[in-house]
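Report on the structure given below.
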Amino acid sequence: MRPEDDFTRRAGALLRAAANDLKRDDENAERELGLEKGSFAEFAAGTRPVTWELMRRAAEVWPLNERDLLPGHDDCPAGVRITRHKESVASGRVLSRGGEPYYEYRDTAMSRIASYRPEWIRMLRVVEDDDPDNPLVQWNRGHLLYQFTYFIGPVNYYYRWNGVSHCVPMDTGDSVWGLPFAPHSFTSRSKTEPACILALTYGGSLLGDAQRELAVLGNATTRALAVPLEGAAHRPGAMIRSFMDAGAVTVAELADRTGLARERAEELAGGAVSPDPEELETLAVALGVSVRDLLPPRTGTADGVSLRFARDARSWVWPDEGAPAYRMTRLAGDPLHPHTSALQVDVLADGAERSAPLTTYQHQYLYVLGAEPVSLSWEFGGRRVEETLAPGDSAYVRPQVPVTFAAAEEGRQAQILLLRISGSVTPEVRYAVGTMAAGGVDRYVAEDRLWYS
């Protein structure tokens with residue numbers, strides 16, 4: 001199927017799903033949207049393209065946003081999307097800070113399917129010290145996206161948190177993960193050695209519908225909904241109180257449901273203390289939720305960042321010691337984003353020794369490090385494909401697409417940066433899809449019928 005035909009089909013499925021949700025059959029939908037008789041079925045079936053005017057009209061007369069009717073573009077129909085080094089070089093542009101060149105940016109592989117935005121960035125400003133207040137350093141204002149950074153060469157990393165500035169000298173193989181809106185900057189410590197970074201930014205669940213909803217609700221509501229991961233708010237009490245408010249449950253009612261003393265229920269709901277495991281289970285049952293819904297995430301960041309130096313990074317071989325295909329090195333990350341994984345992969349096997357493929361539920365970004373090419377093979381849509389990636393080449397891989405790496409030249413060890421990020425398909429969505437009635441998955445992906453016969 002051509003990409004434009006697939007897009008039209010998915011747009012029609014969204015229109016049908018919206019009409020079903022609002023309990024409009026074809027006749028009522030045509031009347032309310034001002035369509036000719038028999039046309040709604042054509043739009044919904046994808047035999048007639050859904051137009052911008054139709055989306056605008058639907059958002060005008062139905063309680064929808066145009067976004068609800070817009071499908072995503074599939075720019076990766078082969079399962080993997082490759083960006084060659086020469087394409088990255090061609091995208092290069094120099095950005096100035098303080099009136100002088102500061103960074104050279106280059107695009108690397110990205111896809112409309114995934115939320116990450118990866119850049120190769122070369123530092124053009126050279127400094128001779130590690131002073132965070134060096135006037136040569138030009139700070140940004142921070143940005144919405146989380147950022148994973150992999151360092152290549154002698155790079156100084158600067159970051160600011162709660163008004164305090166820091167500078168950390170980084171080298172090849174070091175990495176960092178940082179929180180949104182924290183000001184930061186990078187410079188080089190050498191006039192002769194290359195100094196650059198791979199900066200992979202992504203919004204995670206902050207982007208999309210959540211951001212649009214909170215933008216409508218406003219600053220005050222957003223601040224009221226925010227749960228800091230520090231102090232008493234880090235205890236389950238914040239979520240206990242939230243579910244109590246949602247169900248209009250008083251402390252007295254909570255005590256009655258749980259069998260806890262009222263004083264103890266009040267302590268737990270107020271966050272003064274944390275429940276023990278048995279109390280946590282009792283509270284979850286009483287509130288009609290799962291235990292995991294009451295547990296706050298944790299973060300290992302200090303001053304907004306999680307640093308991992310190459311000398312401290314944990315490494316292991318995969319799939320096993322007896323027949324190692326790769327040496328994996330764990331890079332910077334944080335428990336706040338358990339579905340983001342960053343790995344440096346040393347390819348140990350050559351083409352004749354290919355091992356079992358690597359498969360994950362995450363979107364994957366890969367970049368060929370060092371000076372050696374790598375052979376990449378994958379399977380998708382019943383086809384097996386193999387490509388040789390040169391140093392500086394990068395690629396995007398769809399979730400659940402099995403990929404295999406091998407040294408492109410016998411006896412040479414290639415190295416890859418592999419970043420894995422979950423998309424909008426959260427664990428909650430995966431559980432929800434897994435509990436659908438028979439036949440529900442296909443209709444969820446693309447609704448193809450009226451909800452009644």
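The structure displayed is predicted, hence computed values, not measured ones.
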Donor-acceptor pair between His166 and Tyr157 side chains, under 3.5 angstrom: no
Does a side chain donor of either Gln362 or Thr360 reach within less than 3.5 Å of an acceptor in the other side chain? yes
If the plane angle is over 60° it's perpendicular, under 30° parallel, otherwise tilted; pick one for Tyr146 and Trp177. parallel
Which label fits His184 and His143: parallel for a plane angle under 30°, tilted from 30 to 60°, or perpendicular past 60°? perpendicular
Only residue of Leu200, Leu207, Leu206 satisfying side chain to side chain contact (heavy atoms under 4.5 Å, CB included) with Leu145 is Leu207
Judged by modelled atom types alone, do Gln400 and Thr359 share a side-chain donor-acceptor pair under 3.5 Å? no
For Tyr361, does the six-membered ring have the charged nitrogen or CZ of Arg430 within the cation-pi criterion, i.e. under 6.0 angstrom from the centroid and within 45° of the normal? yes
Is it the case that Tyr159 and Ser185 place a side-chain donor and acceptor less than 3.5 Å from each other? no
Hey, what do you get for CD (Glu4) to CG (Asp6), rounding to the nearest 0.5 Å? 9.5 Å
Report yes or no: do Thr301 and Asp334 form a side-chain donor-acceptor pair below 3.5 Å? no
For Ser377 and Arg384, test the side chains for any donor-to-acceptor distance below 3.5 angstrom and give the result as yes or no. yes
Could you pull out the closest heavy-atom pair between Tyr396 and Ala109, with the gap in Å? N-CB, 3.7 Å
Tell me yes or no: between the side chains of Tyr202 and His363, is some donor less than 3.5 Å from an acceptor? no
Examine the side chains of Asp303 and Asn162 and answer whether a donor and an acceptor come within less than 3.5 Å of each other. no
Judged by modelled atom types alone, do Arg160 and Ser165 share a side-chain donor-acceptor pair under 3.5 Å? yes
